[in-house]
Novice: 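Structure in structure tokens, see below.
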Amino acid sequence: MPKTERPSVRAWLRDAAGGFLIVLVAASLASGILLWRLQDTVAAATQGQSRDLAASVGRSLGRQFVRAGQLGIPLDAIPAIDRSLDNTLAHVPQLAAITLTDAGGKVLGAAQRSRAGAPTAVATELAVGAQRIGTLEVAAAPPVLRGSHADLLAGMLLLILPLALLGGLCTALHGAHLRRHRRRLREMLRTAPEDLVPPVPGPRPESRDILGQAWHALQTTAARTAQRRADLAHQAESLLAVDFDGSIRPRLAALGIPLAAPAPRTRIVPPARARRFSLRLRLTLIIALGFALLIGSLSGLQALREHLLRQQAANLGQEDQSALWKQFLSSQTLLIAGELQDLSARLEAAGGTAGAPRDGHTALDRLVLVDPNRQVYPLQGAATDAALLDAGTLDEVLAGRPAQGLRNLDDDQTLVVAARPVRMQGGTWALIGARALDTALQQVDPDGLDEQYSIHFLNPKGRLVASTGRAAWTRLGLAPPVGRTQYRTLEDGGRILLLTATPVASVSGSAGGLLLTLKDVTALMKPSLTLGRLALLLAAGLAILGLALIHRIIWRSFRPLQDSLQTLDELSGPQDDARGRADGRRDEIEQLGRSIAALRHKTLQLARDQAQQARIRRRQEAVMAGELRALADSMDAASRQEVQALIDRQAGPDEDGDGLRRLAEVMGDLRHRLVDQHRRLSDMVIELRDALITKTKLAGLQQELQIASAVQLSILPRSMPDDPRMELGCRILPAREVGGDFYDFYMLDEHHLGFVIADVSGKGIPAALFMAISRTLLKSTARFVRQPAACVQRLNALLAAENEQMLFVTLFYATLDLRTGRLDYVNAGHHAPWLMSAGGELSAVPPTHGIAVGIEEDMPYAQKTLYLQPGDLLYLYTDGITEAFDPAGQVFGDDRLAGLLRAQSADVAPDALIDAVIADVRAFEQGTDPTDDVTSLCLRYRG
């Protein structure tokens, strides 16, 4: 590798290390905060889960008790409440305790789990109607979340390290970018201002960093300064050429314009400021703060890890202590139960207390016998008023269930108690035996020589009632709260003791006391503490060493910047103030800003006169532009926008910047536009006058069309024939104001009905007139010519005789004999009607192959006969139905009409059928304008 590249590689490595450390510190802090928030979130979620579980169990159990109250059973009369609560507690492992009390607060039943963390209790009020009968309190412990926090920390570390490496790479690339621009800046600063007019070769730095901004500002300022100096020198030479009396030279010199001698230097006196730290020192302090945050975050994570490990150790220690206590209590109660079993056998055999032993015959400290009336008979030990069992437990024993556990007496004595029922004298007696807890604990360490491990027991009042090491207890002077679990370390001289405290329950399920163990863990914890102190000292030493190295690296990296600042000071001119000699103690950014301010001040002095002239010209242009805009506002929108664009147009590169000339061009263009606008307004007035006349004529024509439409519809028959032998329905919907379709029906005599449906070619008024003529001629001809073929042939001759407009009409004309159902018909080029039989079958009426009426005079027409059965329905229509179009251009068609007719019932009414067809056509058109008239005629023959 060449020697010139080695400093760049070293600097790259330095930048990479700095970016790695900064990202590592930031990611570690974010991870610590995230872990802390995650613990709070998990704790809140588990507490909420416990609360919801307790509320759900309370509602479920409460419904059973409320149902019993609705049946008239009091809560205290419900049998086996404790067993039901125990079963619920056994089936739901997360429950800690269940307590049922009546309205007066008396406990009717309770179940409690010995192992429970910090349960959340929810009370459910039990009520029958408006009467409160009791309260059910359910406590649920949060679930135990087990997992390896070491795995979590390892996963976080695996996530942080790639981010830190990526940050180091980005920082190294950015540092190389800055160093490249720094070299370009040094090259530029070494160049004279007159030579800075062309751009400096090389890549232009970006303005995201301060060096790039300085480079861009210096390049622009130097170029403008050099150009203005050249322009000013040229103007000064022109003025000096005509300086005949010598008055121009002093005036130019007073303005500071360079003549033959160099321009005078400008003195910049910066405002007095308090002394600030240099940028190098500030960066060092920031990195030191980063090191401190890194060490603090690592220490916090280590402390959190140790806390979690201690918490797991506490859980394990408390589980071991609970298991030890259960084993101890089980062994003691089994010993007492064995004594009681032997004694109960003798009592049952003797049938009374005569067979009971007296003092000194058993290993028990207390032995009593209780009859069914709760009368106590002491058999062994001192007779006291304190009962060995509470009333509830005694009731269970007398009911036939044995009991065992701890019992705290009022004289601060704690006993291990066992009781069993005995059958004597025709009833159930209770035989109760007890041993002092202090005596039982002495069996663990009879000689009291075990200094590594000791057991202590506090009653609910917080008094020590049993201990295997009273000397250690007195020396430590402990007073822990009885109802709380503890796990902590104590200092005893040079030893480290581990204190584990677990609450235990009594034989009745209430608080029985606090079991404490003291264990010597000096050999286990002292190496860990020593290793932690060494790790802290090592981390502090490494941090100090790293700060020293980074400070040296930063100091060396800023040397090129310091050289560049000195070159920039020389470019901006010497400073004569006393503060100018203290540049080494100033902030680098302040020096850079000071030098740039000096350059800017000089540039402003040169540009002051030109700015004054530009302001005067701009005022004149602004006044004229304002008047032109006011004049343009009276024009139309398009012209106004074009004129505004001309006014706002910037001067081109080939123009001399004379805005007045540009405004004169705008005025000329505006004059032509105003003349053209006046001409167009005159033409619009003439067109508006013609449009008003046309609109008036169109309104009259529209009114006439409406009258014609009303007249056309009025000539069509409205009332249906009142004949039970048939049902008739007709409907016409013109596409325009007037149409060419028509239908008609009339009684030829009392037994024959004539009906027709027709469609005239064309639209509008001609078709309407032809329709009226055709209907009138057909109706008048049908009165005298009964045969449909002859009638249509006669009508064709009349219409074709003087048909200069070549209009024609398609029609279907038929006569129906209402007595026999005979239908004689002629189809003159019209759509074949549909016949729907009484059984629901659909078929087309056979055609007669005749052409439209009115085309040719001597045209023969054939006639066919069809017999209708009672219930048959005949449907006639025009092409406005089958040739309807939807927005996509699809036609309605005959198939769709046939499918619609098949979907109707066989006994559908004619009007209902016509409405269904028209509704389907309108739905198919989807709002498009109809292309032709829609006409339907429906006839049902009843017979």
Side-chain angles (χ1 to χ4, degrees), residues 705-706 708-718 728-745 755-775 778 807-814 827-836 842 844-845 847 851-854 873-901 903-904 910-939:
L705 287 176
Q706 292 177 356
S709 176
V711 171
Q712 182 185 20
L713 294 178
S714 64
I715 65 176
L716 298 177
R718 296 294 183 88
L728 191 64
C730 304
R731 193 72 49 82
I732 183 170
L733 297 175
R736 298 180 183 179
E737 286 79 7
V738 291
D741 289 2
F742 71 92
Y743 65 86
D744 201 357
F745 54 87
F755 59 92
V756 63
I757 186 169
D759 183 4
V760 179
S761 63
K763 302 289 186 299
I765 295 178
L769 294 176
F770 199 79
M771 163 261 183
I773 295 172
S774 302
R775 175 183 176 276
L778 177 63
L807 295 175
F808 60 90
V809 56
T810 65
L811 58 86
F812 179 90
Y813 174 67
N827 191 336
H830 199 76
H831 289 279
W834 291 98
L835 176 62
M836 184 184 298
L842 183 69
V845 175
I851 66 173
V853 176
L873 183 142
L874 196 64
Y875 178 77
L876 291 78
Y877 62 96
T878 62
D879 56 2
I881 292 178
T882 56
E883 295 180 4
F885 293 90
D886 63 357
Q890 299 295 326
V891 68
F892 189 84
D894 294 329
D895 295 338
R896 184 182 180 97
L897 177 60
L900 177 63
L901 295 176
Q904 304 298 320
D911 289 334
L913 178 61
I914 293 174
D915 292 339
V917 172
I918 294 176
D920 191 63
V921 171
R922 291 296 180 249
F924 177 79
E925 290 175 344
Q926 300 180 14
T928 58
D929 295 330
T931 59
D932 201 352
D933 303 335
V934 175
T935 306
S936 298
L937 187 148
C938 188
L939 173 66

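Starting from 1, each residue takes its place in the sequence as its number. These figures come from a predicted structure and were not determined experimentally.
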Novice: Given side chains that start at C-beta, do those of Val917 and Tyr875 come closer than 4.5 Å, heavy atoms only?
Specialist: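 When only atoms from C-beta onward are counted, Tyr875 and Val917 do touch, with a gap below 4.5 Å.
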
Novice: Distance-only criterion, 3.5 Å: show the donor-acceptor pairs between side-chain atoms of residues 880-895 and protein atoms not counting sequence neighbours.
Specialist:
residue : atom : partner : partner atom : Å
Asp886  : OD1  : Ala888  : N            : 3.3
Asp886  : OD1  : Gly889  : N            : 3.0
Asp886  : OD1  : Gln890  : N            : 2.6

Novice: Search all heavy atoms of Leu811 against all heavy atoms of Ala758 and return the closest pair with its distance.
Specialist: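 For Leu811 versus Ala758, the nearest heavy atoms are CB-CB, 3.7 Å.
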
Novice: Got Met836 and Leu842 here, is their nearest side-chain heavy-atom distance under 4.5 Å?
Specialist: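 Result yes, sub-4.5 Å side-chain heavy-atom pair found.
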
Novice: Please evaluate residues Leu716 and Ile732 with respect to the criterion side chain to side chain contact (heavy atoms under 4.5 Å, CB included), reporting the C-alpha separation (whole Å), side-chain torsions for both, the decisive distance (0.1 Å), and the verdict.
Specialist: CA-CA 10 Å; Leu716 298 177; Ile732 183 170; 3.8 Å; yes

Novice: Looking at Ala916 and Leu900, what are the two nearest heavy atoms and their distance?
Specialist: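 For Ala916 and Leu900, the tightest heavy-atom pair comes out as O-CD2, 4.0 Å.
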
Novice: With side chains defined as the heavy atoms from C-beta onward, is the minimum distance between Leu939 and Pro910 less than 4.5 Å?
Specialist: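 A side-chain contact is absent here, since even the closest heavy-atom pair is not under 4.5 Å.
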
Novice: Ignoring hydrogens, what is the shortest heavy-atom contact between Ala832 and Val845? Give both atom names and the distance.
Specialist: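 Taking Ala832 first and Val845 second, the nearest heavy atoms are CB-O, 3.7 Å.
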
Novice: Is the backbone of Tyr877 close enough, under 3.5 Å, to the side chain of His830 for a donor and an acceptor to pair up by distance?
Specialist: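 At least one qualifying donor-acceptor pair exists.
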
Novice: My understanding is that only residues two or more places apart in sequence, or in another chain, count here; which of them pass salt bridge (charged side-chain N to carboxylate O under 4.0 Å, His left out) with Asp879?
Specialist: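 For Asp879 there are no salt bridge (charged side-chain N to carboxylate O under 4.0 Å, His left out) partners, ignoring immediate neighbours.
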
Novice: Kindly indicate whether the side chain of Leu876, heavy atoms from C-beta on, has any atom under 4.5 Å from the side chain of Tyr743.
Specialist: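 Leu876 vs Tyr743: side chains apart.
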
Novice: Any side-chain donor paired with an acceptor under 3.5 Å for Asp741 and Thr935?
Specialist: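 Yes, a side-chain donor-acceptor pair sits under 3.5 Å.
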
Novice: Does the side chain of Phe755 reach to within under 4.5 Å of the side chain of Leu874, using non-hydrogen atoms?
Specialist: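 Heavy-atom side-chain distance check passes, below 4.5 Å.
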
Novice: CD1/Ile918 to CG/Leu913 distance, rounded to the nearest 0.5 angstrom?
Specialist: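 With rounding to 0.5 Å, CD1 (Ile918) is 10.0 Å from CG (Leu913).
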
Novice: Do Leu937 and Ile914 have side chains that approach each other closer than 4.5 Å (heavy atoms only, starting at C-beta)?
Specialist: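 Heavy-atom side-chain distance check fails, nothing below 4.5 Å.
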
Novice: Does the side chain of Cys938 reach to within under 4.5 Å of the side chain of Leu873, using non-hydrogen atoms?
Specialist: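 Heavy-atom side-chain distance check passes, below 4.5 Å.
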
Novice: Heavy-atom distance under 4.5 Å between the side chains of His831 and Asp759, does that happen here?
Specialist: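 Result no, sub-4.5 Å side-chain heavy-atom pair not found.
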
